[in-house]
Each structure stands twice: as C-alpha cells, then as structure tokens.
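Please read the structure below before turning to the comments.
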Amino acid sequence: MIKKAGIFKVVKWLLLLGLAGALFSVALIFYADHAATEAAAGKLYDDAGDVPEADVALVFGCNKSFQGRQNLYFMHRIAAAVELWKAGKVKCFIVSGDNHSQDYNEPEDMKAALVEAGVPEGKIVCDYAGLRTLDSVVRAKEIFGVEKIILISQKFHNERAAYLAESVGLEVVGLNAQSVTGPAARKTDSREKLARVKMWLDVNVLKTDPKFLGQKEKLPL
C-alpha cells in the first residue's frame, strides 16, 4: 500500500506539472501573438497610397512556386512592391531571402520579377542572407544602415516583422500584400502561431543574432 501511494503521488505531480506546462504554453502562444499584433498597430496599410514615404522598402522572400504552380504569396508581395514604387513612396528596395543553393535564390527571383514589372534594376539591392525574418530586419539596420523602413509582406508576416524590427530600433511602417486563402494558407496561419512564439523567445530570452552579418553595403538612394 505504501509503495502504491508513493507511485500515485508521483503520477499526480507529473500530471500537475504537465498541466502547468500546457497552460504556460497556451499562455505564451496568446501573449506572443498579442505582442506582434500590438507592435504593428496603426503602422500597417492595405493601400500603397496611404503608406508614409520612406527611402527604403524591405520585401520578404519566399519560394516563387509551390507544388508546381506560382506561389501567390510571392506574386502578391511583388505586386504590392510595384504599387508602392508607382505611388512614389520609396526610393529603393531591399529584397531579402534565402539563397541556399544555385537553383534556389529568392532575392534574385524577386529582383527579376520587380524589374519585369518596371522597377529600375539599379534601385533593387539583394540581401542573400535573409534566412529568417529576424535576419532580414537586423541586416537592414546593421548591414544596409537603414533607420526607417517599409515592410512588404502579408499582414500576418508584417506584424511579426514589425515586432522584430522595433526590437532593434528600426522605425517601421508596412504595406500589406494581398492575403492568400485555401488549405495551404490555413497551414501557414497555424505555423505563424509558433513562429510568433519563436519571435518572442529570440528577442527576450535567446537574444538571437542573424546567422550572417559581414561588410556594410551602400543603398542606391
């Protein structure tokens, strides 16, 4: 009986610890989500004409195709950047993304799409080390010397980027690219909750730095 009572006590404590951990995880998910939303409140715009002018806009990269078809996230971000350029709101672009192999180059894909849409090639700078959103915003400040920037991505991503950018002292506004719907978008929305937790931990606990920094680069202003 004594041994059984001891086992029951251990199981009880394990269950309580598991419950406490689950409650903490849920609370952190909600808190991180709120932190990102709050950081971007009043700073994101759906119309390029409403965006306050800035010298530089940062376009976040993604794969230009998905399952053999054009990636709508990519297309809508490019469309938003072109609208911003035509509205005369920005002097140049940083296109920041992953370039992990010769056959996969998000910055070059974005640059090519922008040039095809009429943005002068000399006004586009590629950041090949934007492996994560955190890397892109920190490098905008540390490598390219930006103090104020316009973020270009879908709203959910702009909110997270705004939190990260403000954590390193960047002044930000953002232009929301058109949203995407469907099963793939629902998966992205689910992953975003965890991405926001990682965002909060990177800034407040882990103090995460970009994977690559390097030499400063001059923008074509």
Between the side chain of Asn63 and the main-chain N/O of Phe66, is any donor-acceptor distance below 3.5 Å?
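Side chain of Asn63 to backbone of Phe66: no pair is present.
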Would you confirm whether Arg139, through its side chain, and Asp127, through its main-chain N or O, come within 3.5 Å as a donor-acceptor pair?
no
Ion pair [X]/[Y], N-O distance below 4.0 Å:
X: Lys89; Y: Glu83; value: no
X: Lys43; Y: Glu166; value: yes
X: Arg132; Y: Asp98; value: no
X: Asp33; Y: Lys193; value: yes

Surrounding NZ of Lys155 (heavy atoms of other residues, nucleotides or ligands, distance under 6.0 Å), is the total greater than 12?
no
Determine whether more than 12 heavy atoms belonging to other residues, nucleotides or ligands lie under 6.0 Å from atom OH of Tyr104.
yes
Side-chain heavy atoms of [X] within contact of [Y], under 4.5 Å:
X: Ile149; Y: Val146; answer: yes
X: Ile94; Y: Phe144; answer: yes
X: Arg160; Y: Glu192; answer: yes
X: Phe74; Y: Asp109; answer: yes
X: His157; Y: Thr133; answer: yes
X: Pro120; Y: Trp85; answer: yes
X: Asp55; Y: Leu219; answer: no
X: Phe60; Y: Leu58; answer: yes

[atom2] on [Y] to [atom1] on [X], rounded to 0.5 Å:
X: Arg191; Y: Arg186; atom1: CZ; atom2: CZ; result: 13.0 Å
X: Lys187; Y: Asp189; atom1: NZ; atom2: CG; result: 12.5 Å
X: Asp202; Y: Leu164; atom1: CG; atom2: CG; result: 7.5 Å
X: Cys126; Y: Met110; atom1: SG; atom2: CE; result: 7.5 Å
X: Leu114; Y: Ile124; atom1: CG; atom2: CD1; result: 4.5 Å
X: Lys141; Y: Glu147; atom1: NZ; atom2: CD; result: 4.0 Å

For the pair Asp46 and Asn176, evaluate side chain to side chain donor-acceptor pair (under 3.5 Å) and give the outcome as yes or no after the intermediate values.
CA-CA 5 Å; Asp46 296 322; Asn176 296 327; 3.0 Å; yes
For a side chain to side chain contact (heavy atoms under 4.5 Å, CB included) check, start with the C-alpha distance between Glu121 and Lys111, then their side-chain angles and the critical distance, and finish with the verdict.
CA-CA 7 Å; Glu121 183 176 0; Lys111 182 177 181 179; 3.4 Å; yes
Starting from the C-alpha separation in whole Å, work towards a yes-or-no answer on side chain to side chain contact (heavy atoms under 4.5 Å, CB included) for Met199 and Tyr163.
CA-CA 8 Å; Met199 166 205 80; Tyr163 182 91; 3.5 Å; yes
With clusters defined by side-chain heavy atoms of hydrophobic residues (ILVMFWY) lying less than 4.5 Å apart, directly or transitively, does Val138 cluster with Phe93?
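Shared cluster, no.
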Shared hydrophobic cluster for Val26 and Leu28 (ILVMFWY, side-chain gaps under 4.5 Å)
no
Using the side chain to side chain contact (heavy atoms under 4.5 Å, CB included) rule, take Val90 and Glu53 through it: C-alpha gap first, then chi angles, then the decisive distance, then the call.
CA-CA 6 Å; Val90 65; Glu53 293 183 16; over 6 Å; no
Side chain to side chain contact (heavy atoms under 4.5 Å, CB included) evaluation trace for Phe156 with Arg196:
CA-CA 10 Å; Phe156 71 87; Arg196 293 188 178 198; 4.0 Å; yes
Do we see a donor-acceptor contact under 3.5 Å between the side chains of Arg77 and Gln154?
yes
Does a donor on one side chain and an acceptor on the other come within less than 3.5 Å for Tyr128 and Glu106?
no
Please report the shortest heavy-atom distance between Ser96 and Ser136, naming the atom on each side.
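Looking at all heavy atoms of both residues, the shortest contact is OG-OG, 2.7 Å.
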So which of Ile143, Leu134, Val137 actually passes side-chain contact (heavy atoms from CB on, under 4.5 Å) with Pro210?
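The option that passes is Leu134.
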